[in-house]
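What follows is a set of notes on a single structure, which appears directly below.
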Protein chains: 2
Amino acid sequence: MQNENLYKELLRRFRLKVTLTRLHVLDVLANTPVALSHADITEQLAEYDIDKVTLYRTLNAFTKCGLAHKVATEDRNWLYALHMPDDAPSEVTSDHAHFVCDECERIYCLPMETGNNTRDIKEEQGFVIRSQEYRLHGTCPECHTQFSQQ
Amino acid sequence: MQNENLYKELLRRFRLKVTLTRLHVLDVLANTPVALSHADITEQLAEYDIDKVTLYRTLNAFTKCGLAHKVATEDRNWLYALHMPDDAPSEVTSDHAHFVCDECERIYCLPMETGNNTRDIKEEQGFVIRSQEYRLHGTCPECHTQFSQQ
DNA sequence: TAAAAAATGCAACAAAGTTGCAATACGTTG
DNA sequence: CAACGTATTGCAACTTTGTTGCATTTTTTA
């Protein structure tokens, strides 16, 4: 594991105990630009034979403390992605943007762009907004390239 | 049922056969500003004793033809809301905005406001965008009023 | 290194939704 | 308006996803 020390530091920063399982899961999540499901992670960590309950609990722990965030997919699964803060542990309530590829069903995590006005309009109408998720559907660059070339 | 004829016309427009169950479900969905779950609808239609499988199939049929759309909630449930087109049957792929109240967990369906630039930025990066969902979390006017008054 | 607290692994359980199939209802055609 | 083909319904069984309880093991701190 390349960044073991980084992962350990990250866990400690979020007041999570350092365990092998958590390091493995962090490693998997840190090395993909897309959000992964419990099944994806299980598959990637097959050689370590991680218990399904432990993995669920690990992912929930990551989510609860703000180290990762969960996205619900169209097909009723949870996907998890690291939510690495630039510095201090950030709140779970911060803004996310996700791109859902309709071809390969991968979910890309994107930094939330500023500059939309929906927020202001809704606040005028009495909605108190604490976080927002902006979800785009379409075709990701990878699939788009494939289709273009055929 | 007040708008029975409207519902029948709507079903026919979407090439769905007119059945009692579908009329009841349409009636429930048409008379709420929030998206409803299978459980919500079951409860509201308790007197008609609608089979759970039939309700799932009804909701899926509505979604498939574009009469309704599905939203995945934070707690891994589906919520359904009518997607009444102004005129002709519209594609399922059109844009939605949802407001999720963190107090009462209702999901409000909102028309998608224009004027955000995330779309453009992503398209530059090679993402082909076909629909977008913008999800806001916070407190809805109703709950906000309650909390303010206490 | 010993003790407290937290994480793990296993089995059993729960919730949400699907599938197969026989019975029923819809709607079209004559 | 009767009869037929097709779609929908209702039921039981099943699948998938995730949770709970509890005994055991590991981590951390002193």
Side-chain angles (χ1 to χ4, degrees), chain A residues 1 4-5 7-27 35-43 45-65 67-80 105 107, chain B residues 1 4-5 7-26 28 35-43 45-65 67-80 105 107:
Chain A
M1 196 176 306
E4 185 163 342
N5 286 332
Y7 301 149
K8 286 185 178 174
E9 194 196 310
L10 210 52
L11 288 174
R12 292 203 189 95
R13 192 191 289 186
F14 283 92
R15 320 265 158 125
L16 294 173
K17 294 197 169 169
V18 175
T19 69
L20 241 192
T21 301
R22 286 175 179 173
L23 291 173
H24 286 313
V25 175
L26 260 184
D27 195 37
L36 299 175
S37 67
H38 182 280
D40 295 334
I41 298 168
T42 301
E43 193 182 338
L45 295 176
E47 59 181 310
Y48 302 110
D49 206 32
I50 291 171
D51 183 75
K52 69 166 185 168
V53 177
T54 301
L55 181 51
Y56 277 120
R57 289 200 268 230
T58 299
L59 293 169
N60 285 339
F62 284 7
T63 305
K64 195 173 173 191
C65 74
L67 175 52
H69 57 100
K70 276 184 183 185
V71 202
T73 65
E74 295 304 302
D75 52 348
R76 234 180 68 90
N77 272 42
W78 287 120
L79 297 190
Y80 302 85
E105 297 187 345
I107 296 191
Chain B
M1 195 177 307
E4 187 164 341
N5 286 332
Y7 301 150
K8 286 184 179 176
E9 195 196 309
L10 211 51
L11 287 173
R12 292 202 189 96
R13 192 192 287 186
F14 283 92
R15 320 265 158 125
L16 295 172
K17 292 196 172 172
V18 174
T19 70
L20 241 191
T21 300
R22 287 175 179 174
L23 291 174
H24 285 313
V25 175
L26 260 184
V28 169
L36 299 174
S37 67
H38 181 279
D40 295 333
I41 299 167
T42 301
E43 195 182 338
L45 294 177
E47 58 180 310
Y48 302 109
D49 207 34
I50 290 171
D51 183 75
K52 70 167 185 169
V53 177
T54 300
L55 182 52
Y56 278 120
R57 289 200 267 229
T58 299
L59 293 169
N60 285 337
F62 285 7
T63 304
K64 195 172 174 190
C65 73
L67 175 52
H69 57 99
K70 276 185 181 183
V71 201
T73 65
E74 294 304 301
D75 51 349
R76 237 178 65 92
N77 272 42
W78 287 122
L79 298 190
Y80 301 84
E105 298 187 344
I107 296 192

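Convention: sequence-line order gives letters A, B, ...; per-chain numbering from 1.
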| said: Taking any heavy-atom pair under 4.0 Å as a contact, classify Asp49(A): base, sugar-phosphate, or nothing. | reply: nothing
Distance in angstrom units between [X] [atom1] and [N] [atom2], rounded:
X: Ile50(A); N: dT8(C); atom1: CD1; atom2: C1'; value: 11 Å
X: Arg15(B); N: dT6(D); atom1: CZ; atom2: P; value: 18 Å
X: Leu45(A); N: dT8(C); atom1: CG; atom2: P; value: 13 Å
X: Leu23(B); N: dT8(D); atom1: CG; atom2: C1'; value: 13 Å
X: Asp51(A); N: dA23(D); atom1: CG; atom2: P; value: 17 Å
X: Asp40(A); N: dT16(D); atom1: CG; atom2: P; value: 16 Å
X: Leu55(B); N: dG17(C); atom1: CG; atom2: C1'; value: 11 Å
X: Leu59(A); N: dG18(D); atom1: CG; atom2: P; value: 9 Å

| query | Once each nucleotide of nucleotides 20-30 of chain C is scored for protein heavy atoms under 4.0 Å, what B/S/- sequence comes out, 5' to 3'? | reply | B-----BS---
| Can you find a donor-acceptor N/O pair under 3.5 angstrom joining the side chain of Lys52(B) to the base of dG17(C)? | yes
| query | Can you name the closest pair of heavy atoms from Val18(B) and Leu11(B) and give their distance? | reply | CA-CD1, 4.0 Å
| request: For the helix from dT1(C)-dA30(D) to dG30(C)-dC1(D), figure out the bend between the end axes, five pairs an end, and round to 10 degrees. | output: 40°
| How would you list, by chain and number, every residue that makes a side-chain hydrogen bond (donor to acceptor under 3.5 Å, both in side chains) with Ser37(A), sequence neighbours excluded? | Asp40(A)
[X] vs [N]: side-chain N/O to OP1/OP2 distance below 4.0 Å:
X: Thr54(A); N: dA7(C); answer: no
X: Tyr56(A); N: dG18(D); answer: yes
X: Thr21(A); N: dT8(C); answer: yes
X: Asn60(A); N: dT19(D); answer: yes

Can you list everything that forms a salt bridge (charged side-chain N to carboxylate O under 4.0 Å, His left out) with [X]? Sequence neighbours excluded, please.
X: Lys17(A); result: none
X: Glu43(B); result: none
X: Lys52(A); result: none

| said: Nearest 0.5 angstrom please: Leu16(B) CG to Leu10(B) CG, how far? | reply: 9.0 Å
| About how many Å separate CZ of Arg22(B) and CG of Leu55(B), when rounded to the nearest 0.5 Å? | 11.5 Å
| Can you tell if the side chain of Thr63(A) reaches within under 4.5 Å of the side chain of His69(A), non-hydrogen atoms only? | no
| query | Taking the side chain as C-beta and beyond, is there a heavy-atom pair between Lys70(A) and Leu79(A) under 4.5 Å? | reply | no
